[in-house]
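None of the values given here were measured: they were computed from a predicted structure.
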Amino acid sequence: MRFDLITVLPGLLESPFAHSILQRAQKKGIAEIHVHNLRDYSSSKQKSVDDYPYGGGSGMVMTIEPFANCIEKLKSERDYDEVIFMSPDGETLNQPIANQLSTKKNIIILCGHYKGIDQRIRDIFVTREISIGDYVLSGGELPAAVLVDAVVRLIPGVLSDETSALSDSFQDGLLDAPVYTRPADWNGHKVPDILLSGNTPEIEKWRFEQAVERTRQRRPDLLDE
Ligand code: SAH
């Protein structure tokens, strides 16, 4: 699976993909993540990518031309399944959306800045708009990194223990059960006996019950669905 991220701040996207699971996925050749500097696609002398908003008001608006140039160049090289714009007014990212996207081949992600991007970029090029939650960040880079992480870890072969993504919160409509590791007794705080019993069916049953109970307490809305 290939991601092309378009940003004015490529430096912001270096570290998130250079460690751990995302780094391994790229090394294994399962995911390719390309970061494009929007300024390289500006034809203005100052490499500008923003301008004053029509109608006045505060904040700069990102211009069409650099985004259009970059998107069109990428599209001339391969077909894309989605052109996603990270935006607080998009559909809120959740596990079903991450699952859906993990089956795609090529995805472009646009990172906004300032007041946002010229509406015509959204009308002409964008196929999907995704928010990571009801709050506003300064740029689309962190949201894009969140989206890529959520999607890449679901691609088969990325996680070493493939079942581990399946038991994560939300994957089956439930939150995850609590987890413990050694020592079994830390200053009198003990691990539940059942986990030390070696009785796998009983442990699975306990985990399921814990997951249901946790979901009932913290996210009853998930059980309604
Ligand atoms: N004026 C815009 C916010 C601009 S914030 C509004 O009120 O909707 C600048 C950029 O940060 C956005 O264009 C978007 O790309 C990104 N961004 C900010 N918050 C986000 C969120 N919750 N989810 C996804 N992207 C977000």
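- Environment of CG in D89: crowded, with over 12 heavy atoms of neighbouring residues, nucleotides or ligands closer than 6.0 Å.
- Note on L22 and I30: same hydrophobic cluster, where clusters join Ile, Leu, Val, Met, Phe, Trp and Tyr whose side-chain heavy atoms are under 4.5 Å apart, directly or indirectly.
- How far CG of N37 is from SG of C70: 9.5 Å, rounded to the nearest 0.5 Å.
- Interatomic distance, I97 CD1 to T92 OG1, rounded to the nearest 0.5 Å: 7.5 Å.
- The closest donor-acceptor contact from the side chain of S102 to the backbone of L154 lies at 3.5 Å or more, if one exists at all.
- Using a distance-only test at 3.5 Å, with no hydrogens or angles considered, no donor-acceptor pair links the side chain of T215 to the main chain of R219.
- Note: the hydrophobic cluster containing V179 does not contain W186 (ILVMFWY, side chain heavy atoms under 4.5 Å, direct or indirect links).
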key: side-chain hydrogen bond (donor to acceptor under 3.5 Å, both in side chains) between R39 and Q46, worked out   = CA-CA 9 Å; R39 286 190 202 282; Q46 310 76 23; over 6 Å; no
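- In this structure, K28 NZ and Q23 CD are separated by 12.0 Å, a value rounded to the nearest 0.5 Å.
- Expressed to the nearest 0.5 Å, how far CD1 of I130 lies from OG of S87 amounts to 11.0 Å.
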request  = Please test S76 against E72 for side-chain contact (heavy atoms from CB on, under 4.5 Å), starting from the C-alpha separation and ending with a verdict.
outcome  = CA-CA 6 Å; S76 73; E72 273 160 6; over 6 Å; no
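- Atoms CD1 and CD, from I33 and E14 in turn, are 13.0 Å apart once rounded to the nearest 0.5 Å.
- Looking only at side-chain heavy atoms (C-beta outward), P96 and N94 come within less than 4.5 Å of each other.
- Closest non-hydrogen pair, H19 versus S15, comes out as CD2-O, 2.9 Å.
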Donor-acceptor contacts, no H, no angles, side chain residues 187-205, under 3.5 Å, sequence neighbours left out:
unit_1, atom_1, unit_2, atom_2, d
S197, OG, I194, O, 2.6
S197, OG, N199, N, 3.1
N199, OD1, E202, N, 3.3

query = Given E65 and S43, is the side-chain hydrogen bond (donor to acceptor under 3.5 Å, both in side chains) satisfied, shown in steps?
reply = CA-CA 8 Å; E65 195 229 10; S43 56; 2.4 Å; yes
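- No continuous path of ILVMFWY side-chain contacts below 4.5 Å connects I21 to F170, so the two sit in separate hydrophobic clusters.
- Ring geometry for H36 against Y41 counts as perpendicular: the plane angle is over 60°, on a 0 to 90° scale with 30° as the lower cut.
- The pair K75-D4 does not meet the salt-bridge criterion, since no charged nitrogen lies less than 4.0 angstrom from a carboxylate oxygen.
- Using a cutoff of 4.0 Å between basic side-chain nitrogens and carboxylate oxygens, K105 and D79 are not scored as salt-bridged.
- Closest of all the heavy-atom pairs between S48 and S42 is O-OG, 2.8 Å.
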Only distances under 3.5 Å count here; give the side-chain donor-acceptor pairs of residues 136-152 to other protein atoms, sequence neighbours excluded, each with its distance to 0.1 Å.
unit_1, atom_1, unit_2, atom_2, d
E141, OE1, H113, NE2, 2.9
E141, OE2, T7, OG1, 2.5
E141, OE2, H113, NE2, 3.3

message = Assess the residue pair R2 and K104 against the criterion (side-chain contact (heavy atoms from CB on, under 4.5 Å)); give the C-alpha distance rounded to whole Å, side-chain angles, the decisive distance to 0.1 Å, and a yes or no.
response = CA-CA 9 Å; R2 174 180 170 123; K104 308 280 182 193; over 6 Å; no
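- In plain terms, the two heavy atoms of P53 and S58 that are nearest each other are CG-O, 4.4 Å.
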task = Evaluate the side-chain hydrogen bond (donor to acceptor under 3.5 Å, both in side chains) criterion for residues Q171 and N99: first the C-alpha distance (whole Å), next the side-chain angles of each, then the deciding distance (0.1 Å), finally the verdict.
result = CA-CA 9 Å; Q171 202 56 270; N99 283 328; 2.7 Å; yes
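- The cluster map of Ile, Leu, Val, Met, Phe, Trp and Tyr, joined by side-chain heavy atoms under 4.5 Å apart, puts F208 and L223 in the same cluster.
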message = Under the criterion side-chain contact (heavy atoms from CB on, under 4.5 Å), I'd like the reasoning laid out for R214 against L174: C-alpha separation, chi angles, the key distance, then a yes or no.
response = CA-CA 8 Å; R214 191 166 267 202; L174 292 176; over 6 Å; no
message = Would K47 and D40 count as a salt bridge (Lys or Arg N to Asp or Glu O under 4.0 Å) here? Give the steps.
response = CA-CA 7 Å; K47 297 286 168 207; D40 295 343; over 6 Å; no
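- Heavy-atom contacts from other residues, nucleotides or ligands closer than 6.0 Å to CZ of R182 number 12 or fewer.
- Looking at E32 and H34, their side chains come closer than 4.5 Å, going by heavy atoms from C-beta outward.
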message = Test side-chain contact (heavy atoms from CB on, under 4.5 Å) on L101 and R128; report intermediate values, then the result.
response = CA-CA 11 Å; L101 293 176; R128 194 154 188 177; 4.1 Å; yes
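- Residue F17 is grouped with residue V158 when hydrophobic side chains (ILVMFWY) are merged at heavy-atom distances under 4.5 angstrom, including chains of intermediate members.
- Atom NZ of K73 sits about 4.0 Å away from atom CD of E77, to the nearest 0.5 Å.
- If you chain together ILVMFWY residues whose side-chain heavy atoms come under 4.5 Å of each other, L74 ends up grouped with I6, V8, L9, L12, L38, V49, Y52, M60, M62, I64, F67, I71, Y80, V83, F85, I108, L110, Y114, I117, I121, I124, F125, V126.
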